[in-house]
Visitor: 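Take a look at the following structure, please.
Computed from a prediction, not measured in an experiment: that's the story for all the values here.
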Amino acid sequence: MADFLVLGAGMVGVSTALALQEQGHAVTLVDRKAPGRETSFGNAGIIQAEAAEPYALPRDPLTLLRFALGRTNDVTWSMAGVTEMLPALWRYFRNSRPARHAAISRTYVKLTERSTRDHTPLIEAAGMENLISRDGMGLVYRDRAGYENAVADAERVARTYGTRFRAVDGTDYAREDPALLKAPAGVIHWLDSWSCASPGGLTAGYAELLVRRGGRLLTGNAASLRQAGNGWQVDTGEGAVSAEQAVIALGPWSPRLLSRFGYRIPMVYKRGYHGHFEAPRTPVRPFLDVANGIVAAPMTGGLRLATGAALVTRESAPDTRQLERGKAGISDLIEIGARVDEPQWSGARPCLPDMLPLVGAAPRHAGLWMNFGHGHQGFTLGPTTAALLAQMVAGQPDDGFDALLPAKRVA
């Protein structure tokens, strides 16, 4: 068996290290921070088995105009951010054509439909059951027309992919969830998703499992990765560490590192924010307030409000307007309470223009592997793409996932 460096200790990287370890490989996991402290820390904590289709860019002129004029809290943008990402955004827009999006979704659903199944043995082995709820997630609609359109689309998704849901009248849903201050028009309750009360804690628990099973976890500088003889080497707090093979699982930082080796990987960076609040009552399950583009999720640290996407440069200063707008908008639906005193978190969702993660061997460098670009679903899909990568390393690729391979997508 080979020895591996896995660069990146988010959910994708930690899961990759565990999957390779399970095959008998010696694994060293390297990150500049503790496991689960970047993008995997700040998400809404939902393992989205219901996400049969990736998020497409809207193509209707009215929605695009609302985005352009800042009339929606789902997406905000800066001219510098859009300009910097314009080539990737244009490809993303073209891949959002209905026929192309449907083809992408046929691969995507094969990933998400197995997400909870792939998390299950890790949750059990890591002793993290106390963090997991298996009660789905809600999409809350405030107007009747929006709710009826959502029901029709949920029925389409269910017919196409077999994803289960309930359409619940708002008055009935308010009886189910005492945290709601008033009844919405209606709620789509997706039944197959799970939620986690501490996504960073779950990721850290998986990393502890890796160490208990004999793996190494080191603090180091992934940007120092270099070829060394027939293998790879990276600088860590314990000095230079070498291995025969290396996996890049650095999420939004992956393209910058790989550019040093001649790879050009366009990416859309969707920044998100969250805040915790001392809500006197938390909802029975996480939900998205569709009208205000904000997710409310019960967490160990309080009620987490998590935002949509900000299309800004990687170097842009923090701008919490989406979080503040979302908080104000949702406050008539649920009592928020005081803000928890904590550093403001933000993170970038690494979205590739074709909405699929890159999983597989680097085209031009022996012993170098890629596993990143999961967009909104790194927390959901970490164990799934890790299992696929481990199969590829073993020379047993899973049929039906050719669309993930870097050889067909990386310049």
Visitor: With Asp192, which residues qualify under salt bridge (Lys or Arg N to Asp or Glu O under 4.0 Å), at least two apart?
Guide: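 Only Arg164 meet the salt bridge (Lys or Arg N to Asp or Glu O under 4.0 Å) criterion with Asp192.
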Visitor: Given Leu20, which partner from the list Val6, Leu29, Leu210 fulfils the side-chain contact (heavy atoms from CB on, under 4.5 Å) test?
Guide: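 Per the side-chain contact (heavy atoms from CB on, under 4.5 Å) rule, the option paired with Leu20 is Val6, out of Val6, Leu29, Leu210.
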Visitor: Tell me if the CD atom of Glu238 is crowded by more than 12 foreign heavy atoms within 6.0 Å.
Guide: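 12 or below, so no.
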Visitor: For Asn130, I'd like to know if atom CG has over 12 heavy atoms of other residues, nucleotides or ligands within 6.0 Å.
Guide: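 More than 12 heavy atoms, drawn from other residues, nucleotides or ligands, come within 6.0 Å of this atom.
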Visitor: With a 4.5 Å limit on heavy-atom distance, are the side chains of Leu57 and Phe67 in contact?
Guide: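 Result no, sub-4.5 Å side-chain heavy-atom pair not found.
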Visitor: Under a plain distance cut-off of 3.5 Å, with no hydrogens placed, do Glu50 and Ser193 share a side-chain donor-acceptor pair?
Guide: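 Ser193 vs Glu50: donor-acceptor pair found between side chains.
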Visitor: Could you work out, with salt bridge (Lys or Arg N to Asp or Glu O under 4.0 Å) as the rule, every residue matching Arg134, not counting sequence neighbours?
Guide: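 Testing Arg134 for salt bridge (Lys or Arg N to Asp or Glu O under 4.0 Å), a comparison that skips the adjacent residues, returns Glu129.
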Visitor: Between Ser224 (side chain) and Asp235 (backbone), is there a donor-acceptor pair under 3.5 Å?
Guide: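 Yes, because the side chain of Ser224 sits within donor-acceptor range (under 3.5 Å) of the backbone of Asp235.
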Visitor: To the nearest 0.5 Å, tell me how far Tyr108 OH sits from Tyr55 OH.
Guide: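 Interatomic distance, Tyr108 OH to Tyr55 OH, rounded to 0.5 Å: 7.5 Å.
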Visitor: With distance as the sole test, does Tyr273 use its side chain to make a donor-acceptor pair with the main-chain N or O of Asp319 at under 3.5 Å?
Guide: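 Side chain of Tyr273 to backbone of Asp319, a donor-acceptor pair under 3.5 Å: yes, one is there.
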Visitor: May I ask you to say whether Asp177 pairs ionically with Arg285, meaning some side-chain N is under 4.0 Å from a carboxylate O?
Guide: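 Arg285 and Asp177: not salt-bridged.
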Visitor: Holding to ring-ring contact (aromatic ring centres under 6.0 Å, His included), I want the full list of residues that pass it with Trp77, two or more places apart in sequence or in another chain.
Guide: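 For Trp77, no residue satisfies ring-ring contact (aromatic ring centres under 6.0 Å, His included) once neighbours in sequence are set aside.
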Visitor: In Å, rounded to the nearest 0.5 Å, how long is the span from CG of Leu257 to CZ of Phe372?
Guide: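 Between Leu257 CG and Phe372 CZ, I get 9.0 Å after rounding to 0.5 Å.
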Visitor: Sub-3.5 Å donor-acceptor pair from the side chain of Thr83 to the main-chain atoms of Ala80, do we have one?
Guide: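 Between the backbone of Ala80 and the side chain of Thr83 there is no qualifying donor-acceptor contact (under 3.5 Å).
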Visitor: CG/Leu358 to CE/Met370 distance, rounded to the nearest 0.5 angstrom?
Guide: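 Reported to 0.5 Å precision, the distance equals 6.5 Å.
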Visitor: Would you say Arg271's side chain and Ser316's backbone share a donor-acceptor pair under 3.5 angstrom?
Guide: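 Yes, Arg271 side chain to Ser316 backbone: donor-acceptor pair under 3.5 Å.
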Visitor: State, to 0.1 Å, how close His374 and Leu381 come at their nearest heavy-atom pair, and which atoms those are.
Guide: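 Smallest heavy-atom distance, with atoms named: CD2-CB, 3.9 Å.
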Visitor: Roughly how far apart are Ser242 OG and Gln227 CD, rounded to 0.5 Å?
Guide: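 It is 12.0 Å, given to the nearest 0.5 Å.
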Visitor: Does Asn149 form a side-chain contact (heavy atoms from CB on, under 4.5 Å) with Tyr141? I'd like the steps, not just the answer.
Guide: CA-CA 10 Å; Asn149 289 336; Tyr141 292 86; over 6 Å; no
Visitor: Report the C-alpha separation of His119 and Met11 in whole Å, then their side-chain angles, then the decisive distance to 0.1 Å, and conclude whether the side-chain contact (heavy atoms from CB on, under 4.5 Å) test is met.
Guide: CA-CA 11 Å; His119 270 279; Met11 178 56 76; 4.0 Å; yes
Visitor: Would a distance-only check, ignoring hydrogens and angles, find a side-chain to backbone donor-acceptor pair under 3.5 Å from His189 to Asp135?
Guide: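 Indeed, once roles are kept as given, a pair shorter than 3.5 Å links the two residues.
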Visitor: Under 3.5 Å, is there a donor-acceptor pair linking the side chains of Thr313 and Glu84?
Guide: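 The criterion, which ignores hydrogens and geometry beyond distance, is not satisfied for Glu84 and Thr313.
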Visitor: Is it true that atom CD of Glu124 has more than 12 heavy atoms of other residues, nucleotides or ligands lying nearer than 6.0 Å?
Guide: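 Open: at most 12 neighbouring heavy atoms sit under 6.0 Å from CD of Glu124.
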Visitor: Please list, chain by chain and in numerical order, all residues satisfying side-chain contact (heavy atoms from CB on, under 4.5 Å) with Phe41, sequence neighbours excluded.
Guide: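 Phe41 satisfies side-chain contact (heavy atoms from CB on, under 4.5 Å) with Arg37, His274, Trp345 once adjacent residues are dropped.
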Visitor: So for atom CZ, which belongs to Arg339, do other residues, nucleotides or ligands contribute more than 12 heavy atoms lying within a distance under 6.0 Å?
Guide: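 It does: Arg339 CZ has more than 12 such atoms within range.
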Visitor: Which residues satisfy the side-chain contact (heavy atoms from CB on, under 4.5 Å) test with Gln391, sequence neighbours excluded?
Guide: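 side-chain contact (heavy atoms from CB on, under 4.5 Å) list for Gln391, sorted by chain: Leu388, Asp398.
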Visitor: Can you name the closest pair of heavy atoms from His276 and Gly301 and give their distance?
Guide: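 Between these two residues, the closest heavy atoms are CB-O, 3.6 Å.
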Visitor: Between Arg260 (side chain) and Leu225 (backbone), is there a donor-acceptor pair under 3.5 Å?
Guide: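 Flag set: sc Arg260 to bb Leu225 pair under 3.5 Å.
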Visitor: Under 4.5 Å between any side-chain heavy atoms of Trp190 and Ile46, yes or no?
Guide: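 Not in contact.
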Visitor: State, to 0.1 Å, how close Glu38 and Trp253 come at their nearest heavy-atom pair, and which atoms those are.
Guide: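 Taking Glu38 first and Trp253 second, the nearest heavy atoms are OE1-CH2, 3.5 Å.
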Visitor: Check the surroundings of atom CZ in Arg325: do more than 12 heavy atoms from other residues, nucleotides or ligands lie under 6.0 Å from it?
Guide: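 Correct, the count exceeds 12.
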Visitor: Counting only heavy atoms not in Arg321, do more than 12 sit closer than 6.0 Å to its CZ atom?
Guide: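 Incorrect, the count does not exceed 12.
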Visitor: Using ring-ring contact (aromatic ring centres under 6.0 Å, His included) as the criterion, list what pairs up with Phe261, not counting sequence neighbours.
Guide: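 Here the qualifying residues are Trp232, His365.
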Visitor: At their closest point, which heavy atom of Ala348 faces which heavy atom of Thr39, and how far apart are they?
Guide: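 Closest pair (atom of Ala348, atom of Thr39, distance): O-OG1, 3.3 Å.
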Visitor: Below 4.5 Å, heavy atoms only, C-beta onward: do Ile334 and Thr282 meet side chain to side chain?
Guide: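 A side-chain contact under 4.5 Å is absent here.
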Visitor: What closest approach, in Å, do Leu356 and Arg409 show between heavy atoms, and which atom pair accounts for it?
Guide: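 In terms of heavy atoms, the two residues are closest at O-NH2, 2.7 Å.
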Visitor: Of Asn371, Asp354, Thr107, which is the lone residue that meets side-chain contact (heavy atoms from CB on, under 4.5 Å) with Leu404?
Guide: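 Going through Asn371, Asp354, Thr107 one by one, the side-chain contact (heavy atoms from CB on, under 4.5 Å) with Leu404 is satisfied by Thr107 alone.
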Visitor: Let me see the working for Phe401 and Val359 under side-chain contact (heavy atoms from CB on, under 4.5 Å), right down to the final yes or no.
Guide: CA-CA 9 Å; Phe401 291 103; Val359 185; over 6 Å; no
Visitor: For the residue pair Ala222 and Leu250, what are the closest heavy atoms and their distance?
Guide: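 Scanning both residues completely, I find the closest heavy atoms to be CB-CD1, 3.8 Å.
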Visitor: Count the heavy atoms of every other residue, nucleotide or ligand shown that sit under 6.0 Å from CZ of Arg32, and state whether that count exceeds 12.
Guide: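 Yes, CZ of Arg32 has more than 12 neighbouring heavy atoms, counting only those of other groups under 6.0 Å.
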Visitor: Please check if atom CD in Glu22 has more than 12 non-hydrogen atoms from other residues, nucleotides or ligands closer than 6.0 Å.
Guide: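 No, not enclosed.
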Visitor: Answer whether the closest heavy-atom distance between the side chains of Gln377 and Gln48 falls below 4.5 Å.
Guide: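 Yes, close enough: below the 4.5 Å cut-off.
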Visitor: Can any side-chain N or O of Gln322 pair as donor or acceptor with the backbone N or O of Ala309 at less than 3.5 Å?
Guide: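 At least one qualifying donor-acceptor pair exists.
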Visitor: Working to the nearest 0.5 angstrom, can you tell me the gap between Ser331 OG and Leu305 CG?
Guide: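 Result: 8.0 Å between the selected atoms.
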Visitor: May I ask you to decide if Gly10's main-chain N or O and Ser40's side chain share a donor-acceptor pair within less than 3.5 Å?
Guide: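 Not at all, since once roles are kept as given, no pair shorter than 3.5 Å links the two residues.
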Visitor: For residues Asp153 and Arg156, determine if any side-chain heavy atom of one lies less than 4.5 Å from a side-chain heavy atom of the other.
Guide: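 SC-SC contact between Asp153 and Arg156 confirmed.
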Visitor: Within the 4.5 Å heavy-atom criterion, are Phe379 and Cys196 side-chain neighbours or not?
Guide: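 When only atoms from C-beta onward are counted, Cys196 and Phe379 do touch, with a gap below 4.5 Å.
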Visitor: Using a 3.5 Å distance criterion without hydrogens, assess whether the side chain of Asn292 forms a donor-acceptor pair with backbone atoms of Gly326.
Guide: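 No, because the side chain of Asn292 does not come within donor-acceptor range (under 3.5 Å) of the backbone of Gly326.
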Visitor: Quick one: do Asp289 and Arg142 make a salt bridge, cutoff under 4.0 Å?
Guide: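 Yes, this pair counts.
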Visitor: At what distance, to the nearest 0.5 angstrom, does CD1 of Ile123 lie from CD1 of Ile132?
Guide: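 With rounding to 0.5 Å, CD1 (Ile123) is 4.0 Å from CD1 (Ile132).
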Visitor: Okay, side chain of Thr112, backbone of Ala51: is any donor-acceptor separation there less than 3.5 Å?
Guide: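 It does hold such a pair.
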Visitor: Given the rule in the side-chain contact (heavy atoms from CB on, under 4.5 Å) test, do Arg264 and Ser259 qualify, once you have shown the distances and angles that lead to the verdict?
Guide: CA-CA 6 Å; Arg264 299 292 177 261; Ser259 68; 3.6 Å; yes
Visitor: Side-chain contact, heavy-atom cut-off 4.5 Å: Pro266 with Pro87?
Guide: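 No, too far: nothing below the 4.5 Å cut-off.
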Visitor: Are any of the side-chain heavy atoms of Ile265 and Ser254 separated by less than 4.5 Å?
Guide: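 No - every pair of side-chain heavy atoms lies 4.5 Å or more apart.
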